[in-house]
Amino acid sequence: SEVDDVEIFRICLEAWHMLAHDLYQTENEIKARPGGNSVLNLGGNGSSNGAASRKYMYGPVLTGVRQVMIAKMAKPEEVLIVEDENGDIVRETTKDT
């Protein structure tokens, strides 16, 4: 996902979004079931183990994706409010730092 091409990055971002959405939906479905949020899953059908293992398997990968997304986010313009030599309050913009 660390590519310079904007279109390829958007495609990768959409793929990661679909994976994260699927993991989130699966997790919520398990919690909504009776006994789904039990730590030991006593009396359950054991299907939550697969979802939990997917969650933990993709956890470090999704952490890396989050870091890449934050690094690629559009940076807001830095603005300083200063007083000029006439005593007027003016906005000063700075270059990317």
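Here the NE2 atom belonging to His21 is positioned 10.5 Å from the CD atom belonging to Glu14, to the nearest 0.5 angstrom. Between the CZ atom in Phe9 and the CH2 atom in Trp16 there is a gap of 11.5 Å [rounded to 0.5 Å]. Taking CZ of Arg91 as the reference point, atom CD1 of Ile81 lies at 6.0 Å (rounded to 0.5 Å). Interatomic distance, CZ of Arg54 versus CG of Leu23, reported as 4.5 Å (0.5 Å rounding). Of the inter-residue distances, the one linking Leu13 atom CG with Met18 atom CE reads 11.0 Å to the nearest 0.5 angstrom.
Under the 4.5 Å side-chain heavy-atom criterion for ILVMFWY residues, a single connected hydrophobic cluster contains both Leu62 and Val68. In the hydrophobic clustering of ILVMFWY residues, with side-chain heavy atoms under 4.5 Å counting as a link, Val61 and Ile8 come out together.
With a 4.5 Å cut-off on side-chain heavy atoms, Thr93 and Glu78 do not count as touching.
With a 6.0 Å radius and a threshold of 12 heavy atoms from other residues, nucleotides or ligands, Asp4 has its CG atom at or below the threshold.
Lys75 places a side-chain N or O within 3.5 Å of a backbone atom of Met73 that can act as its donor or acceptor partner. The backbone N or O of Asp88 sits nowhere less than 3.5 Å from a side-chain atom of Asn86 that would complete a donor-acceptor pair.
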